[in-house]
Undergrad: 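Just dropping this structure here.
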Amino acid sequence: MARIGVISLSDGRDYVHGGIVGFIRTAEDRLVAELTAAGHTVIRGREPIGGNDCAVEVARRVEASGVDLTVLHYAVWAFPHFTMLAAGALSGPLLLLSNIDPVQPGMVGMLAAGGALDQIGREHARLWGDPADPALIAAIGERARAAAAVASLRGSTFGRIGGRPMGMNTAVANTDQWQRVFGIDVEEIDQWEIVRRAELADAGEAKAAREWLERNAAGVHYDGRKLTPELLERQIRSYLAMRDLIAEWRLDFSGIKGQPELTQYFATMDITEAFLNDPYDWNGPKHPHVCATEADMDGALTMQLLHRIADTPVLFADVRHYHADRDIWDLCNSGQHATWYAARSDDPAENLARVHLYPEVFFFPAGGASVHHLAAPGQMTLARLTRRNGSYRMQLMLGEFETYDEATNESLMKQSTPEWPHAFARLDADAGDFLSRFGANHIHAVPGDHRATVRAACDLLGVTLDEFTRAS
């Protein structure tokens with residue numbers, strides 16, 4: 001969850017402050033109790049602010065505790081310049097919160113403080129309500145999680161393995177813009193490092209991993225040509241090579257070009273990308289490392305933001321086909337989906353029991369295994385950072401992954417590339433509108449409805465929100 005600072009503001013007249021400080025503390029106690037019960041870590045100001053020096057001292061203490069979001073709490077009328085002084089000592093996002101108890105004019109205090117912050121251009125958000133209202137606590141949590149996700153981007157490093165794939169302009173971003181808007185550095189690494197390090201990788205681990213896959217996957221379909229035990233171990237050694245690169249260069253997330261050099265002359269990166277994104281491998285549980293195929297920078301950035309918000313692996317897919325008769329989209333990409341999406345289970349065996357490793361298709365003459373499965377059903381948040389005329393926008397929608405009877409699933413998959421992983425998605429978007437203005441061929445998804453948190457993150461980043469809905 002998030003670290004939330006709570007600072008209560010008061011009246012600057014000593015005789016008034018002394019009479020209302022108990023009321024303020026009681027209101028703050030209720031707020032802190034609800035936020036804590038929701039799972040957040042709350043850092044309270046030492047005391048309600050009733051003076052200039054106190055405003056600065058309390059705010060500095062909260063700032064030093066490393067909070068993701070600071071809630072400036074108005075249970076009473078509060079002198080607005082206390083807010084201005086506190087805000088000057090706080091570098092992170094601010095949320096102004098008013099109670100709705102008519103006994104004291106907390107709403108008046110919030111509006112006066114918010115107006116003062118507006119006058120100097122200090123960005124902030126505002127909420128109001130009773131802490132006993134779950135919707136209010138949820139809204140604070142959404143803002144706090146968004147702030148934590150945005151903060152996690154700043155100072156991070158993206159590893160770009162290879163360059164632009166197959167002339168794909170939407171896979172390449174401006175590194176200066178990334179640094180300015182998101183605070184992210186880009187480390188350029190040649191694909192030769194995967195080839196070189198794969199040859200040096202631990203052969204014993206590669207063999208053990210292959211045997212683990214043979215035991216746990218629904219099938220490893222060797223054909224003696226495009227998929228052999230040796231080719232599968234080469235893909236596993238590529239994963240080990242990426243694991244070393246991530247550790248050596250301290251990469252927070254990454255992307256691998258793959259096509260055409262590796263896919264024509266070495267092996268596909270499907271095993272590498274799937275298991276980097278997974279929360280486990282043959283060694284046991286691990287943290288997912290976001291890795292985008294085709295070195296898609298904005299795709300990887302979208303995935304990293306969604307991962308920080310949802311705390312799950314993130315799906316990466318092509319928008320492959322629209323089945324108009326079913327109003328269903330086939331989201332399908334060459335082996336990129338994390339195997340976790342097969343069942344979305346904490347037990348790797350349950351997921352892998354639905355995963356097949358098939359020989360790669362004609363697109364990839366070097367061969368290797370494609371990590372095939374059908375994504376489990378459920379509600380999804382789908383999103384993609386795209387650029388229009390040089391400015392970022394977040395294209396966002398809600399959707400539902402669906403599955404059908406076995407014969408229907410097989411029939412639908414065979415209409416595109418059956419060897420690859422698929423997700424059948426019903427989008428909360430008009431098909432014509434989506435195809436007319438969606439700004440990329442890749443799309444990304446996480447389970448659940450996280451749109452409110454994504455909206456808050458966009459607000460904090462200054463990124464335009466472009467939300468799809470069905471035509472009424």
Side-chain angles (χ1 to χ4, degrees), residues 159 161 191-249 251 253-256 258 262-263 265-293 313 316 333-360 364 366-373 419-421:
I161 318 299
Q191 291 189 112
W192 173 245
E193 276 292 85
I194 293 179
V195 177
R196 184 183 72 83
R197 290 172 186 246
E199 295 303 317
L200 302 173
D202 186 338
E205 181 173 355
K207 180 175 183 289
R210 171 179 60 78
E211 292 172 346
W212 179 82
L213 287 168
E214 291 170 346
R215 288 194 306 272
N216 289 281
V220 180
H221 303 274
Y222 295 121
D223 67 350
R225 186 174 63 88
K226 297 292 288 290
L227 180 56
T228 64
E230 293 74 23
L231 272 171
L232 181 53
E233 288 190 20
R234 180 181 295 176
Q235 290 180 293
I236 294 165
R237 292 199 308 272
S238 298
Y239 170 85
L240 302 181
M242 273 299 299
R243 198 173 65 186
D244 288 347
L245 284 170
I246 290 163
E248 180 177 325
W249 291 97
L251 305 178
F253 62 121
S254 60
I256 303 172
L262 296 181
T263 56
Y265 304 111
F266 185 63
T268 60
M269 293 295 104
D270 297 36
I271 292 286
T272 298
E273 291 158 351
F275 282 101
L276 285 175
N277 283 294
D278 264 323
Y280 50 76
D281 61 14
W282 36 88
N283 296 309
K286 68 176 183 64
H287 290 295
H289 174 90
V290 163
C291 181
T293 196
F316 178 117
N333 187 275
S334 55
Q336 164 75 25
H337 298 195
T339 67
W340 181 81
Y341 274 91
R344 298 203 306 277
S345 171
D346 293 334
D347 181 1
E350 187 176 351
N351 300 319
L352 290 168
R354 306 183 185 192
V355 173
H356 291 264
L357 303 186
Y358 286 116
E360 283 289 11
F364 310 125
S370 177
V371 185
H372 163 88
H373 57 82
E419 295 85 356
W420 293 351

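When a residue number appears, it is its place in the shown sequence, counting from 1.
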Undergrad: Would K226 and E419 pass as an ion pair if we require N to O under 4.0 Å?
TA: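 No.
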Undergrad: Quick one: does R237's side chain have a donor or acceptor within less than 3.5 Å of a partner on A203's backbone?
TA: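 Judged by distance alone, no pair lies under 3.5 Å.
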Undergrad: Which heavy-atom pair separates A369 from Q235 by the least distance, and what is that distance?
TA: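 For A369 versus Q235, the nearest heavy atoms are N-OE1, 2.6 Å.
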Undergrad: By the definition side-chain contact (heavy atoms from CB on, under 4.5 Å), identify the one residue from H372, H337, E360 that meets it with W420.
TA: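 By the side-chain contact (heavy atoms from CB on, under 4.5 Å) criterion, W420 pairs with just one of H372, H337, E360: E360.
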Undergrad: Just wondering, do I271 and L357 contact through their side chains at under 4.5 Å, heavy atoms?
TA: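 When only atoms from C-beta onward are counted, I271 and L357 do touch, with a gap below 4.5 Å.
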Undergrad: Could you check N283 against R243 for side-chain contact (heavy atoms from CB on, under 4.5 Å), going step by step and ending with a plain yes or no?
TA: CA-CA 13 Å; N283 296 309; R243 198 173 65 186; 3.3 Å; yes
Undergrad: Going by heavy atoms in the side chains, are E230 and E233 under 4.5 Å from each other?
TA: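 When only atoms from C-beta onward are counted, E233 and E230 do not touch, as no gap falls below 4.5 Å.
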Undergrad: Any donor and acceptor pair, going by atom type alone, linking the side chain of N216 with main-chain N or O of A353 inside 3.5 Å?
TA: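 Judged by distance alone, no pair lies under 3.5 Å.
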Undergrad: Measure across V371 and A274 and return the closest heavy-atom pair with its distance rounded to 0.1 Å.
TA: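 Nearest pair, atom of V371 first, then A274: CG2-CB, 4.2 Å.
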Undergrad: Working to the nearest 0.5 angstrom, can you tell me the gap between T268 OG1 and L231 CG?
TA: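 So the OG1 of T268 and the CG of L231 are separated by 8.5 Å.
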Undergrad: State, with a plain yes or no, whether a side-chain heavy atom of Q336 is found less than 4.5 Å away from one of N277.
TA: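 Q336 vs N277: side chains touch.
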Undergrad: Which pair of non-hydrogen atoms, one from E193 and one from R196, has the smallest distance, and what is that distance?
TA: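 Distance-wise, the nearest heavy atoms are OE1-NE, 2.7 Å.
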Undergrad: Are Q191 and M269 side-chain neighbours, meaning at least one heavy-atom pair lies under 4.5 Å?
TA: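 No, too far: nothing below the 4.5 Å cut-off.
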Undergrad: Mind checking whether T293 and D270 have side chains closer than 4.5 Å, heavy atoms only?
TA: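 Side chain of T293 against side chain of D270, heavy atoms only: no contact under 4.5 Å found.
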Undergrad: With heavy-atom distances below 4.5 Å as the criterion, would you say the side chains of P279 and P313 are in contact?
TA: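 Of all side-chain heavy-atom pairs linking P313 with P279, at least one is under 4.5 Å.
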Undergrad: State, to 0.1 Å, how close R210 and P229 come at their nearest heavy-atom pair, and which atoms those are.
TA: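 Shortest heavy-atom contact: CD-O, 3.6 Å.
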Undergrad: For D278, what residues pass the side chain to side chain contact (heavy atoms under 4.5 Å, CB included) criterion, not counting sequence neighbours?
TA: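 D278: side chain to side chain contact (heavy atoms under 4.5 Å, CB included) contacts with F275, Y280, A338, T339, W340.
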Undergrad: Say you draw a straight line from CZ of F266 to CH2 of W192; how long is it, rounded to the nearest 0.5 Å?
TA: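 Reported value, rounded in 0.5 Å steps: 8.5 Å.
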Undergrad: Could you report the tightest heavy-atom contact between N351 and R344, atom names first, then the distance?
TA: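 Result for this residue pair: OD1-N, 3.2 Å.
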Undergrad: Apply side-chain contact (heavy atoms from CB on, under 4.5 Å) to the pair I194 and L245, showing each step before the final yes or no.
TA: CA-CA 8 Å; I194 293 179; L245 284 170; 4.3 Å; yes
Undergrad: What class does the angle between the rings of H221 and Y358 fall in, given that below 30° is parallel, 30 to 60° is tilted and above 60° is perpendicular?
TA: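 If you compare the ring of H221 with that of Y358, the planes turn out parallel.
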Undergrad: Between Y239 and D281, is there a side-chain heavy-atom distance shorter than 4.5 Å?
TA: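 They are in contact (side-chain heavy atoms under 4.5 Å apart), so the answer is yes.
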Undergrad: Check each of L276, L251, T272, I161 against C291 using the side-chain contact (heavy atoms from CB on, under 4.5 Å) test, and report the only one that passes.
TA: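 Between C291 and the candidates, side-chain contact (heavy atoms from CB on, under 4.5 Å) is satisfied uniquely by L276.
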Undergrad: With a 4.5 Å cut-off on side-chain heavy atoms, are D244 and L200 touching?
TA: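 The answer is no, as the side chains (C-beta and beyond) never meet within the 4.5 Å cut-off.
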Undergrad: Would you name the heavy atoms of D347 and S345 that are closest together and state the gap between them?
TA: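 Where D347 meets S345 most closely, the heavy atoms are N-OG, 2.9 Å.
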Undergrad: Could you list the residues that satisfy salt bridge (charged side-chain N to carboxylate O under 4.0 Å, His left out) with K207, not counting sequence neighbours?
TA: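 Only E211 meet the salt bridge (charged side-chain N to carboxylate O under 4.0 Å, His left out) criterion with K207.
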